[in-house]
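Right, I'll just put the structure down here and ask away after.
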Amino acid sequence: MRSHIQLSSEGAQIVESNRTIRDKKGDSLLELPNSFTIIDIETTGLDPRFDEIIELSAIRVINGEEVKTFSELVKPDYSISNFIKELTGITEEMLSEADTIDSVLPRYLNFIGDDIVVGYNVHFDVNFIYDNTIKYLNNSFENNLIDVMRFAKLLIKDSKNHQLKTMAEYFSIDYDNLHRGLEDCKVTFFLFKELRDTINEQFKNETDFLKRQQQGLKSAHITTDITEFDEDNPLFQNNCAFTGTLAHMARKEAYQIVKDLGGKPQDNVTKKTNYLILGDTDYSKVKDGKSRKLKNAEKYQLEGLDINIISEQVFYDIINV
DNA sequence: TCTCCTCGAGATCT
DNA sequence: CTCGAGGAGA
């Protein structure tokens with residue numbers, strides 16, 4: 001397949017086969033600022049290379065308060081599909097009176113300024129804006145961004161998926177016209193607030209959550225409210241490490257269960273390890289099919305240390321699941 | 001123990 | 001794109 005290279009003086013957008021590189025795109029931040037601009041766009045499809053923008057919407061938020069909104073329809077070059085008509089409720093007739101992208105986009109970018117842009121799966125919107133800014137204005141869109149979906153996935157585990165609609169229902173957020181720009185901005189704004197509250201409920205404070213997220217999953221972060229333990233449980237006061245992916249729970253949940261039983265979850269196998277639980281390690285990258293943790297455990301076992309290498313199923317039996 | 005890298009799996013936007 | 005997991009090297 002031949003590559004199509006498209007170069008521009010500002011914010012080079014290189015289209016190679018079916019992959020697009022946007023080298024001046026802003027950073028994706030895991031932050032909770034008080035001032036930002038919520039964005040949402042409607043398009044004629046999912047692919048920025050072929051599809052067009054038909055609505056640009058935004059809400060300016062300062063110190064947590066909505067202060068201004070922007071929402072304009074955009075007249076596309078080509079007609080829109082029935083699917084999009086159904087999805088958004090936007091008709092050809094509505095679009096026929098709208099301005100074209102080259103005149104609406106500058107107003108939109110002016111409204112956004114250099115604010116951090118916040119959105120749901122915000123990369124989708126930013127990619128369209130980025131490409132259209134190059135194409136029509138020969139300029140780049142470098143604003144940093146915050147993806148609310150990222151927070152949703154990190155915080156909401158008991159949900160069938162993380163679509164905006166599902167999350168809105170999860171938090172009982174009302175919406176009248178989902179898939180219209182401004183309405184989706186409002187839902188995203190409420191959702192962002194709810195997720196911030198969730199963080200404050202589940203963690204000491206916001207920075208505590210953000211710091212942990214950066215550091216990744218550490219067994220030392222797992223805490224328990226339980227004060228009285230069953231001292232007969234095999235895990236009680238014992239060090240437990242895991243290797244591989246567990247079939248029935250996340251590593252984090254397993255750590256929590258160990259902690260709740262009075263055991264001590266570990267990130268690595270050490271000479272103090274008492275149990276190594278084997279998950280699925282059928283990875284091509286694991287040499288000999290044995291992870292470093294398993295190799296260490298076997299080594300220590302040969303040295304006569306009290307370390308039990310057990311299967312995932314035995315672990316479930318011990319914890320009574 | 002830590003920091004950074006690589007890789008595969010899974011999901012969302014219109 | 002993001003995350004989780006293992007690996008390598010300091």
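Everything quoted here is computed from the prediction, not taken from an experiment. Side-chain atoms are counted along with the backbone in the values below, which use heavy atoms only and exclude waters and symmetry mates. Order of the sequence lines sets the chain letters (A, B, ...), proteins ahead of strands, with each chain counted from 1.
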**Asked** What does A:Asn161 touch in the nucleic acid at a heavy-atom separation under 4.0 angstrom: a base, only the sugar-phosphate, or nothing?
**Response** sugar-phosphate
**Prompt:** A:Ile129 CD1 to B:dC13 C1': how many Å, rounded?
**Reply:**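 Result: 13 Å.
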**Fill in**
When rounded to whole Å, the CZ to C1' distance for the pair A:Phe151 and C:dT2 reads 13 Å
**Asked** For the rings on A:Tyr108 and A:Phe70, is their centre-to-centre separation under 6.0 Å?
**Response**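 Under 6.0 Å, so yes.
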**Message:** Applying a 4.0 Å non-hydrogen cut-off, can you work out what A:Phe83 is touching in the nucleic acid: base, sugar-phosphate, or nothing?
**Reply:**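 It contacts base atoms.
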**Fill in**
If pairing means Watson-Crick or G-U wobble with both distances under 3.5 Å, then the partner of C:dG4 is B:dC7
**Message:** Heavy atoms from C-beta onward define the side chain here; which of C:dG6, B:dC13, B:dT14 lies closest to that of A:Gln163?
**Reply:**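 Within the option list, the nearest is B:dC13.
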**Request:** Could you tell me if the ring centre of A:Tyr275 sits under 6.0 Å from that of A:Phe315?
**Result:** no
**Message:** From NZ of A:Lys157 over to C1' of C:dG4, roughly how many Å is that when rounded to an integer?
**Reply:**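 Distance, rounded to whole Å: 10 Å.
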**Prompt:** Starting at CG of A:Asp51 and ending at P of B:dT12, how long is that distance when rounded to a whole Å?
**Reply:**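 Those two atoms, CG and P, are 20 Å apart.
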**Message:** Starting the side chain at C-beta, find the nucleotide from C:dC1, B:dT14, C:dG6 nearest to A:Thr243.
**Reply:**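 Per side-chain heavy atoms of A:Thr243, the pick is C:dG6.
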**Asked** Measuring from A:Ile257:CD1 to A:Ile319:CD1, what's the distance to the nearest 0.5 Å?
**Response** 4.0 Å
**Interatomic distance where CD1 belongs to A:Ile156 and C1' belongs to B:dA11 [whole Å]** =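 Distance check: A:Ile156 CD1 to B:dA11 C1' gives 16 Å.
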**Prompt:** How long is the line joining CG of A:Asn177 and P of B:dT14, in whole Å?
**Reply:**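 My rounded result for the distance is 14 Å.
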**Asked** Is there a side-chain hydrogen bond (donor to acceptor under 3.5 Å, both in side chains) between A:Arg150 and A:Ser28 once you walk through the steps?
**Response** CA-CA 10 Å; A:Arg150 211 175 150 191; A:Ser28 176; 3.2 Å; yes
**Message:** Within the supplied structure, the quantity of interest is the number of heavy atoms (other residues, nucleotides, ligands) at a distance under 6.0 Å from A:Lys165 NZ; does it exceed 12?
**Reply:** no
**Item:** Rounded interatomic separation in angstrom, taking OH from A:Tyr130 and C1' from B:dC13
**Value:** 19 Å
**Prompt:** Which part of the nucleic acid does A:Ser28 contact within heavy-atom distance under 4.0 Å: base, sugar-phosphate only, or nothing?
**Reply:** sugar-phosphate
**Message:** By the 4.0 Å heavy-atom rule, please label A:Ile54 as base, sugar-phosphate, or nothing.
**Reply:** nothing
**Prompt:** Among the nucleotides C:dC3, B:dT14, B:dT12, which one has an atom lying closest to any side-chain atom of A:Arg150?
**Reply:**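 Nearest to the side-chain atoms of A:Arg150, counting from C-beta on, is C:dC3.
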**Asked** What's the closest nucleotide to the A:Leu46 side chain, out of C:dG6, B:dT14, B:dT12?
**Response** B:dT14
**Asked** Is the shortest side-chain N/O distance from A:His123 to OP1 or OP2 of C:dT2 below 4.0 Å?
**Response**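 True: A:His123 side-chain N/O within range (under 4.0 Å) of C:dT2 OP1/OP2.
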**Request:** To the nearest Å, give me how far apart CG (A:Leu154) and C1' (C:dT2) are.
**Result:** 9 Å
